[in-house]
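Here is the structure we will look at.
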Amino acid sequence: AAEIAEGVLSRQIGDVEDLAMEQHEMLVYGDSIVVLGTATGRGRKTGVRLEVPFAHVWVTRDHQIVEFRQYIDPVRFLAAVDPSST
């Protein structure tokens, strides 16, 4: 969990002011957990409002997180955080 927070989510926090991830639905299938939701905030460099759906897939084994995958719309995310993408 700490590696995920540091390697993935901390980068997004650095790019997005007031980043919030609202969970809408959680699906559990065996050792896999899928979280569907919406990420909101404002791009630090652009000031552009971010609102993008996400899916997080967590895979656990023996009560430990062994895999994490994140799916978002990269075009919408970059439009909010990267001034050169517009």
Side-chain angles (χ1 to χ4, degrees):
E3 290 175 17
I4 293 166
E6 184 177 320
V8 178
L9 301 177
S10 69
R11 292 184 198 165
Q12 294 172 348
I13 292 168
D15 290 336
V16 181
E17 289 180 13
D18 301 322
L19 178 64
M21 295 186 159
E22 181 181 353
Q23 174 185 318
H24 302 297
E25 189 172 356
M26 181 184 291
L27 310 165
V28 179
Y29 182 75
D31 290 339
S32 297
I33 302 163
V34 178
V35 177
L36 304 174
T38 303
T40 59
R42 186 166 308 281
R44 285 191 194 280
K45 294 179 183 175
T46 64
V48 173
R49 175 145 171 72
L50 170 73
E51 185 170 340
V52 62
F54 69 82
H56 289 167
V57 180
W58 305 81
V59 179
T60 63
R61 199 165 293 119
D62 298 323
H63 305 289
Q64 299 288 322
I65 298 167
V66 296
E67 185 177 340
F68 172 77
R69 293 185 304 253
Q70 173 177 252
Y71 300 94
I72 62 168
D73 181 339
V75 173
R76 287 172 66 180
F77 184 79
L78 285 174
V81 302
D82 184 356
S84 66
S85 72
T86 55

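Please read all numbers here as calculations on a predicted model, not as lab measurements. When a residue number appears, it is its place in the shown sequence, counting from 1.
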So CG of Leu50 and CG of Asp73: to nearest 0.5 Å the spacing works out to 10.0 Å
Under 4.5 Å between side-chain heavy atoms, counting indirect links through other Ile/Leu/Val/Met/Phe/Trp/Tyr residues: same cluster for Phe77 and Val48 or not? no
For the student: nearest non-hydrogen atoms of Ala55 and Leu36, plus distance: CB-CD2, 3.7 Å
List the atom of Ser84, the atom of Asp82, and the distance in Å for their closest heavy-atom pair. OG-OD1, 2.8 Å
Is there a side-chain contact between Pro53 and His24 (heavy atoms, below 4.5 Å)? no
Could you tell me which residues satisfy side chain to side chain contact (heavy atoms under 4.5 Å, CB included) with Glu51, sequence neighbours excluded, listed by chain and number? Thr38, Thr40, Arg49
Count I, L, V, M, F, W, Y as connected when their side-chain heavy atoms are under 4.5 Å apart, and connections chain through other members. Are Tyr71 and Met21 then in the same cluster? no
Main-chain N/O of Gln64 paired with Asp62 side-chain donor or acceptor, under 3.5 Å: no
Let me check something: do Leu78 and Leu19 share a hydrophobic cluster, defined by ILVMFWY side-chain heavy atoms less than 4.5 Å apart, either directly or through other members? yes
What is the distance from atom CZ of Arg42 to atom CD of Glu17, rounded to the nearest 0.5 Å? 8.0 Å
Below 4.5 Å, heavy atoms only, C-beta onward: do Glu67 and Trp58 meet side chain to side chain? no
Going only through I, L, V, M, F, W and Y residues with side-chain contacts under 4.5 Å, is there a path from Phe54 to Leu27? no
After noting the C-alpha distance and the side-chain angles of Val34 and Met26, does the key distance pass the side-chain contact (heavy atoms from CB on, under 4.5 Å) rule? CA-CA 6 Å; Val34 178; Met26 181 184 291; over 6 Å; no
State yes or no: do Val28 and Val57 share one hydrophobic cluster built from I, L, V, M, F, W and Y residues joined by side-chain heavy-atom distances below 4.5 Å, directly or via other members? no
By side chain to side chain contact (heavy atoms under 4.5 Å, CB included), Val66 pairs with (sequence neighbours left out) Val59, Arg61
Where at least one partner belongs to residues 19-40, residue pairs that pass salt bridge (Lys or Arg N to Asp or Glu O under 4.0 Å), sequence neighbours excluded: none
